[in-house]
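A quick write-up on the structure given underneath.
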Amino acid sequence: MFIGLSEDDLKNALLLARMTLQRIKKGSVIVEEYSLCAAPVFVLNGKVEVDTYSDSRSYHVVERLEAPFMIEPDRLYGLSTHYRSTYYAATACDTLSMPKEDFMLLITKYDIVRFNFFNAICRKAQQADNLLWLGNKGSLKEGMINFFRRHCITPTGYKTFYIKMVQMADELNVKRLYVSQALNDLDKDEKIILKRGIIEIPELRLLSALSNRSMEDIKEETITQHDDK
């Protein structure tokens, strides 16, 4: 949010906003699912694990993120102002927070902060929209990879899905046997680590590369069609 601010502007921002620095111990909760997003929270350093449950609570995903980042900027305003996921400190880390009204003062006063905030919101909305239209057409393996991508906050890094094969078969609308075969194939190719009720993905980007229709392909195709018109 503050990238691009001059040193003087940054000093003035520190005086303008009532910022709170906090040291979070390893294993402690930074923000909890469904709690009110009453203030922007920035993770300044360290590593964080994000635990996100499905609405049915039948499966959940744990992701590893590295600082710095702002926790769910899209939940600060709008229809839903409660956090979607629970964020744990995977290592000791420092956070910075401030009252929502003080953050609004910074957005109003500094163009660069406002642009950075809008860019963060727009980027998340565009990523969600692109993933929504991937669908499950094509091979089962491609549909499965798209399922993983749609349920992750970031397209890279280590992911752990706590989901049973029966549940995944229901989500993909296929037989459990086919899901088992596809997952075992990915396990043999060392793209995932398959355990009982758990699917570990060491690097989601490498798994996504197996999809015949990646986000990069879609983006390039769309731009080409637009240029042709």
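Keep in mind that the numbers below use all heavy atoms, side chains included, and drop hydrogens, waters and symmetry copies.
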Aromatic ring pairing H151/Y59, orientation class (parallel under 30°, perpendicular over 60°, tilted between)
perpendicular
Using the ring centroid of each side chain, check whether Y34 and Y83 are separated by less than 6.0 Å.
no
Return yes if some donor-acceptor pair links the side-chain N/O of D129 with the main-chain N/O of A125 below 3.5 Å, else return no.
no
State, yes or no, whether a side-chain contact exists between I199 and M144 at a heavy-atom distance under 4.5 Å.
no
Any sub-3.5 Å donor-acceptor pair from D102's side-chain atoms to R18's backbone N or O?
yes
Verify, without hydrogens or angle tests, whether T91 (side chain) and K47 (backbone) share a donor-acceptor contact under 3.5 angstrom.
yes
Distance-only donor-acceptor check, side chains S54 and S56, under 3.5 Å:
yes
Can you tell me if K26 has over 12 outside heavy atoms packed within less than 6.0 Å of its NZ?
no
Over 60° means perpendicular and under 30° means parallel, so tell me whether H60 and Y162 are parallel, tilted or perpendicular.
parallel
Within 45° of the ring axis of Y53 and under 6.0 Å from its six-membered ring centre, is that where the NZ or CZ of R57 lies?
yes
Is a side-chain N or O of D9 found less than 3.5 angstrom from the main chain of Y110, in a donor-acceptor match?
no
K100 NZ/CZ over Y77 ring centroid, <6.0 Å and within 45° of normal:
yes
Indicate yes or no: at least one non-hydrogen side-chain atom of L44 is less than 4.5 angstrom from one of C93.
no
Over 60° means perpendicular and under 30° means parallel, so tell me whether F42 and F2 are parallel, tilted or perpendicular.
tilted
Test item: side-chain donor near acceptor, S80 and R75, under 3.5 Å
yes
Sub-4.5 Å side-chain heavy-atom contact between R84 and T52
yes
Report the distance from atom CZ of F115 to atom SG of C122, rounding to the nearest 0.5 Å.
11.5 Å
Minimum side-chain heavy-atom gap Y88-I30 below 4.5 Å:
no
What one should report as the nearest heavy-atom pair of A182 and L140 is CB-CD2, 4.1 Å
Within 45° of the axis and under 6.0 Å from the centre of the six-membered ring of Y158, does NZ or CZ of R64 qualify?
yes
Pairing donors with acceptors under 3.5 angstrom, does anything connect the side chains of S58 and K164?
no
For the hydrophobic clusters of this structure (ILVMFWY residues joined by side-chain heavy atoms under 4.5 Å, transitively), does one cluster hold both L207 and I193?
no
Could you tell me whether a side-chain N or O of T95 sits under 3.5 Å from a main-chain N or O of V43, the two making a donor and an acceptor?
no
Where do E33 and T86 come nearest, in terms of heavy atoms and distance?
N-OG1, 2.9 Å
Does I24 form a side-chain contact (heavy atoms from CB on, under 4.5 Å) with Q22? I'd like the steps, not just the answer.
CA-CA 6 Å; I24 308 295; Q22 187 176 3; 3.7 Å; yes
